[in-house]
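Structure first, then comments.
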Protein chains: 2
Amino acid sequence: MVISVDAYLLDVSAEKLIINVKKSIFEYIRNMLSKKTKYGIKALAFIAKKSDRKPVQTSEISKSENISQKFLESILLELRKSGFLGSKKGKGGGYYLIKEPESILMTAVIRVLEGPIAMVPCVSLNYYEKCDDCPSEETCSVHSLMIQVRDSTLKVLGDNTLADISAKK
Amino acid sequence: MVISVDAYLLDVSAEKLIINVKKSIFEYIRNMLSKKTKYGIKALAFIAKKSDRKPVQTSEISKSENISQKFLESILLELRKSGFLGSKKGKGGGYYLIKEPESILMTAVIRVLEGPIAMVPCVSLNYYEKCDDCPSEETCSVHSLMIQVRDSTLKVLGDNTLADISAKK
DNA sequence: TAATAACCTATAGAATTAGTAGGTTATAAA
DNA sequence: TTTATAACCTACTAATTCTATAGGTTATTA
């Protein structure tokens, strides 16, 4: 008996097989917090930990926190543009806090880096948007649940300042 | 003076321009809750609302909740396989609850449809995973903050059952 | 036997993330 | 004045994921 299979098709399906096996073994875990936000928070905490207000270089944070320097550059730039950091160019330059860590709420940081705190736009306070697929907000079973989630998350993030999360060694 | 520009390149950059303009006008809002989960919750609530335990057809839910029927099929199938629903084939068939709505916690529903409730894998109770980029969990400034967020979210989702979210008309 | 509705497999477009590449500009020290 | 430094800027891309669609097969009921 001879079984003839097109080699290309075999290759393709073998590849699919491997992908599916990988998926079932290392099941994908959805990341709610983007790396950008995570790195941004880490960088802010790193800068806040240094009690002197001398500029901190991207390269130092990058090494210490194991973050791609180029990626980090873009994040710190954004944090500067949104008013969390100041910067200085040239030797001895870097980024520094322009407000007290105690006055920087984590809600503000996350809103700038990540966007809305709500899990669906239709319950977002700062980024509200009607769900285009939703027949009615009033009868929506998800809506009120997500309002509760939003409020409890807001409470936590509003209770934590940059000083709080930088405190622990 | 003659300016010569390759027509293809012009087309390509014009397209990019449009994309960037669109991005800056309709700024992207990150959706934390996937449509799959949202639709799944809506479908469960829809089924729970019907006091009789007769099977509900995918087509009925699809129309009423404005959800793509094929997409919904795959979601309900998953909910059946994970033990939330029973099904019946053929005419008069459909999906039905196999537990009381009062006993179905939203934590369970979301964990099956969405995956972890935590915003980072390193604070997930059911899907724990070390962050590969993180030098140390103990000194991580994001870690403890995300534990607080996780706990407050768990509290809300654990306090709500399917009966609760189906209650409101 | 015919209609129905769940079940199954494969595929695909769009959007987004997480970077990389390759520069330019401003500042400080030499 | 030159040189090194570090922020700043623009463009691109590979990989991943989401949200479906297409086109069936199987089981059940009328």
Residues which pass salt bridge (Lys or Arg N to Asp or Glu O under 4.0 Å) with A/E102, listed by chain and number, not counting sequence neighbours = none

Residues passing the salt bridge (Lys or Arg N to Asp or Glu O under 4.0 Å) test with A/D159, sequence neighbours excluded, are A/K155

Has A/Y95 got a side-chain N or O lying under 4.0 Å from the OP1 or OP2 atom of D/dC8?
-> yes

Distance below 4.0 Å between A/Y39 side-chain N/O and C/dG19 OP1 or OP2 | yes

In whole angstroms, how far is the [atom2] atom of [N] from the [atom1] atom of [X]?
X     : N      : atom1 : atom2 : result
B/L33 : D/dT17 : CG    : P     : 18 Å
B/K35 : D/dT21 : NZ    : C1'   : 15 Å
A/K54 : D/dT5  : NZ    : P     : 18 Å
B/Y96 : D/dT28 : OH    : P     : 11 Å

Side chain to side chain contact (heavy atoms under 4.5 Å, CB included) with A/L44: which of A/L97, A/I165, A/L76?
-> A/L97

Let me have a per-nucleotide readout for nucleotides 24-30 of chain C, 5' to 3', with B, S or -, counting only protein heavy atoms under 4.0 Å.
-> -BSBS--

Within a radius of less than 6.0 Å around NZ of A/K130, do more than 12 heavy atoms belonging to other residues, nucleotides or ligands occur?
-> yes

Tell me the ring-ring contact (aromatic ring centres under 6.0 Å, His included) pairs involving residues 67-118 of chain A, sequence neighbours left out?
-> A/Y39-A/F71

Strictly below 4.0 Å, heavy-atom distances to any atom of DNA chain D: list the hits from residues 55-81 of chain B, or just say none.
-> B/S68, B/K70, B/F71

NZ/NE/NH1/NH2 to OD/OE distance under 4.0 Å, A/E65 and A/K35 = no

Any pair with a residue in residues 71-83 of chain A that passes side chain to side chain donor-acceptor pair (under 3.5 Å), sequence neighbours left out, goes on the list, sorted by first then second residue, please.
-> A/K36-A/E78

All heavy atoms of B/S124 vs all of B/P116, minimum pair found to be OG-CB, 3.6 Å

